[in-house]
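First comes the structure, then the notes that go with it.
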Amino acid sequence: MCGIAGWVSFDSAFDDRSADAIESMTSTMSRRGPDATGTFVRENVALGHRRLAVIDPAGGRQPMVATESCHEVALVYSGEIYNYTELRAELKARGRRFETRSDTEVLLLGYLEWGESIVERLNGMFAFAIWDQRQERLFLARDRFGIKPLYVYRIPSGIVFGSEPKAILAHPLADRTVTVDGLRELFAMTGQPGWSLWRDMDQVRPGTTLTVDRTGIAPYTYWSLQTRQHTDDIPTTVQHVRGLLDDIVERQLVSDVPLCVLLSGGLDSSTLTGLAAATDAATRQALRTFSVDFEDQEKTFVPDEIRDTPDAPFVREVIELVKTNHHRVALDQSALSRPSVRRAVVGARDIPAGLGDMDNSLYLLFRAIREQSTVALSGESADEIFGGYIWFHHPGSVNAENFPWLAFRSAFTADRFALLNRDLRAKLELDDFIADQYAVSRKAVEHLPGDDDREKRMRLISHQHLTRFLPMLLDRKDRASMAVGLEVRVPYCDHRLVDYVYNTPWSFKTFDGREKSLLREACGALVPQAVRDRVKSPYPTSQDPRYAASLAGQLSEILAHPDHPVFAIVDRQWAQAATEIPPDKMPGDVRAGLDRILDVYHWLDMYSPELLV
């Protein structure tokens, strides 16, 4: 994994102050890379790296520098290249000599051999920067789905970059300004590509590279979802999906440090567990699994419109079948609502995301896992690929002229904007913004001749989830995990699998009358029958009213200071009324609003942004 940072400026020579600046930028990401740090400073460029050692701990130190034609080529890189052994063999056959076993050196020598086209050969999750002195050029690249983050900030005659905004904000030329434009996406959650909360800061888009030289900045899209005719029948499709998953999981189990699987008791994570256990059996390694739960949740669980069952019984069935070395991380409401935990999460994400106990519990789960493992496999993107979310199958959400995850209404989403300061809400024009983004998302989808209206609608929804919803989830997972130095791998994000399944007809994805038919048929034998039959259940949330009571108590303390900057964003009257609702009667959307307000409060305190609203 790791964190990267740096900048290039062509109108000034770097000096000792530049070295101090790159050290400051790099140090903001010490939790992403607790094992080592390094910098590279030359006349017009500075690169910084924090390392989490996973492959070849002794040999993969960065920045890694090679000399070609008497000029230096330097690399800083975050992520994993899963096909690095094949690339290494190919490079050796072409005369390249290696000094380490690391995928970092494969990436660097691959760039020397194939130039910028190296990205098209990579199977993995990555964000990297290469300074090529031969051409006085900085080359930035991000993986196809944006699994690893990469932010950029334009400066006169150059660019500043980092794995996280906090690294860029540590640069002396970057300011901490937030405008209405940034706040729109924060509250709308349309998954606007390239969005950053901070003014003049953007993300390098997934599947994209940036080339920076004296002539300017040139983006290039090397990969995007392509629409193709699917010619396989259902049995062949199922067989191909299984073959891909076998290969993907085997590749992603490679690690020189302890590895585990995140197990929720759902089809996605249970399938990964079964595949990993079967692969590990060949090498006689005990597979670790981890699950998160809330104290007494199983005893007191109440079904709602999106969760029929608690996770724990299904987790136990998987453990019994697969015989893993399992660890249950049980959390109580006091830990979930603790201000120090919230501040850690806000600091990890650099934004007031407002997901409350879902974010807090994820962070606490990862913190517990990190005591025993350095790498974890997780089931993100299976729902996006195979069509698992409830709103894929909810007519009102499918047919709405809106993003399905926004059109779907539950107790937690009745009015997501009610908490906003009325003047700010008027300026944000959120309904118009969402409509505009929806229109943009529709234009990005290519349909096949002969597709009927149903197929077109489901292709649109699949495309929106893979290009907009999934990146939001991946960013959440990356920030929470890397905040404790844990690498999380996402096998379902392998581009070969996504390419193939995206282009299967919707009727294939529901051929047994249920969601995720292809995955269930391909790998159902690996999981217990109860898991195979289980209805999709999203990430768990606490039902303990004491959590809501704690939020209300913390908000009451803020309300005692009516001039606090938080009320430039939050409606004070709404906040006051929310604290007066009995915790056991508090609606889900109100509780979600309290979470958002407390996130905003801590974010303002930690980042001191200039709000131009």
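Remember, predicted model here, so these are calculated numbers, not experimental data. Computed from heavy atoms alone, side chains included, the values below leave out hydrogens, waters and symmetry copies.
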Practice prompt. If the plane angle is over 60° it's perpendicular, under 30° parallel, otherwise tilted; pick one for Tyr601 and His564.
Written response: tilted
Worksheet entry | From Glu380 atom CD to Arg489 atom CZ, the distance as rounded to the nearest 0.5 Å | 15.0 Å
Worksheet item: Say you draw a straight line from CD1 of Ile4 to NZ of Lys148; how long is it, rounded to the nearest 0.5 Å?
Response: 10.5 Å
Which pair of non-hydrogen atoms, one from [X] and one from [Y], has the smallest distance, and what is that distance?
X: Leu497; Y: Phe386; value: CD1-CZ, 4.4 Å
X: Thr28; Y: Ala170; value: CG2-CB, 3.9 Å
X: Pro156; Y: Asp11; value: O-OD2, 4.0 Å
X: Met64; Y: Glu105; value: SD-CA, 3.5 Å
X: Leu150; Y: Ala127; value: CB-CB, 4.0 Å
X: Leu272; Y: Tyr492; value: CG-CE1, 3.8 Å

Give a yes or no on whether [X] atom [atom1] has more than 12 heavy-atom contacts from other residues, nucleotides or ligands under 6.0 Å away.
X: Arg214; atom1: CZ; result: yes
X: Glu99; atom1: CD; result: no
X: Glu86; atom1: CD; result: yes

Item to complete: List the steps and the verdict of side chain to side chain donor-acceptor pair (under 3.5 Å) for Asp181 and Thr179.
Response: CA-CA 5 Å; Asp181 286 339; Thr179 67; 4.5 Å; no
Item to complete: Could you walk me through whether Asp494 and Tyr82 pass the side chain to side chain donor-acceptor pair (under 3.5 Å) test, one step at a time?
Response: CA-CA 10 Å; Asp494 187 292; Tyr82 302 125; over 6 Å; no
Any donor and acceptor pair, going by atom type alone, linking the side chain of [X] with main-chain N or O of [Y] inside 3.5 Å?
X: Asp256; Y: Ile55; value: no
X: His71; Y: Ser69; value: yes
X: Thr26; Y: Ile22; value: yes
X: Glu487; Y: Ala376; value: no
X: Arg176; Y: Leu611; value: no
X: Asp599; Y: Gly354; value: yes
X: Lys166; Y: Met29; value: no
X: Trp195; Y: Gly182; value: yes
X: Ser378; Y: Leu262; value: no
X: Arg596; Y: Ala353; value: yes

Is it true that the NZ or CZ of [X] lies under 6.0 Å from the centre of [Y]'s six-membered ring and within 45 degrees of the ring axis?
X: Arg42; Y: Phe40; result: yes
X: Arg416; Y: Phe187; result: no
X: Arg459; Y: Tyr502; result: yes

Suppose we screen for side chain to side chain donor-acceptor pair (under 3.5 Å). Which residues come up paired with [X], at least two apart in sequence or across chains?
X: Arg476; value: Asp359
X: Arg468; value: Gln437
X: Ser102; value: Thr100

Are any of the side-chain nitrogens in [X] or [Y] under 4.0 Å away from the carboxylate oxygens of its partner?
X: Arg96; Y: Glu68; value: yes
X: Arg32; Y: Asp478; value: yes
X: Arg137; Y: Glu116; value: yes
X: Arg479; Y: Asp350; value: yes
X: Arg50; Y: Asp35; value: no
X: Glu90; Y: Arg88; value: no
X: Arg101; Y: Asp56; value: yes
X: Arg442; Y: Glu401; value: yes
X: Glu610; Y: Arg199; value: no

Item to complete: Would you please test Trp131 and Phe139 for side-chain contact (heavy atoms from CB on, under 4.5 Å) and show each step?
Response: CA-CA 6 Å; Trp131 171 249; Phe139 179 62; over 6 Å; no
Taking the side chain as every heavy atom from C-beta outward, state whether [X] and [Y] have any atom pair closer than 4.5 Å.
X: Val484; Y: Tyr363; value: yes
X: Met125; Y: Cys493; value: no
X: Trp223; Y: Asp499; value: yes
X: Asp103; Y: Glu80; value: yes
X: Val600; Y: Leu604; value: yes

Discussion item. Evaluate Gln203 against Arg142 for side-chain contact (heavy atoms from CB on, under 4.5 Å), listing each step before the verdict.
Written reply: CA-CA 10 Å; Gln203 294 187 61; Arg142 194 176 183 200; 3.3 Å; yes
Fill in: Worked verdict on Glu185 versus Thr190 for side chain to side chain donor-acceptor pair (under 3.5 Å)
CA-CA 7 Å; Glu185 175 59 31; Thr190 71; 2.6 Å; yes
Item to complete: Check the pair Ser361, Tyr539 against side chain to side chain donor-acceptor pair (under 3.5 Å), reporting the backbone distance first and the verdict last.
Response: CA-CA 10 Å; Ser361 64; Tyr539 186 85; 2.9 Å; yes
Before we go on, tell me: are the rings of [X] and [Y] under 6.0 Å apart, centre to centre?
X: Phe403; Y: Trp391; result: no
X: Phe14; Y: Trp7; result: yes
X: Tyr389; Y: His465; result: yes
X: Trp198; Y: Trp603; result: yes

Practice prompt. Check Ile159, Val45, Val152 against Val212 for a side chain to side chain contact (heavy atoms under 4.5 Å, CB included) and give me the one that passes.
Written response: Ile159
Discussion item. What verdict does the side-chain contact (heavy atoms from CB on, under 4.5 Å) test give for Ile118 and Leu122, after you've listed the backbone C-alpha separation in whole Å, the side-chain angles of each residue and the deciding distance to 0.1 Å?
Written reply: CA-CA 7 Å; Ile118 178 64; Leu122 302 177; 4.1 Å; yes
Worksheet entry | Check against side-chain contact (heavy atoms from CB on, under 4.5 Å), Ile81 and Phe126 | CA-CA 7 Å; Ile81 306 302; Phe126 54 84; 3.9 Å; yes
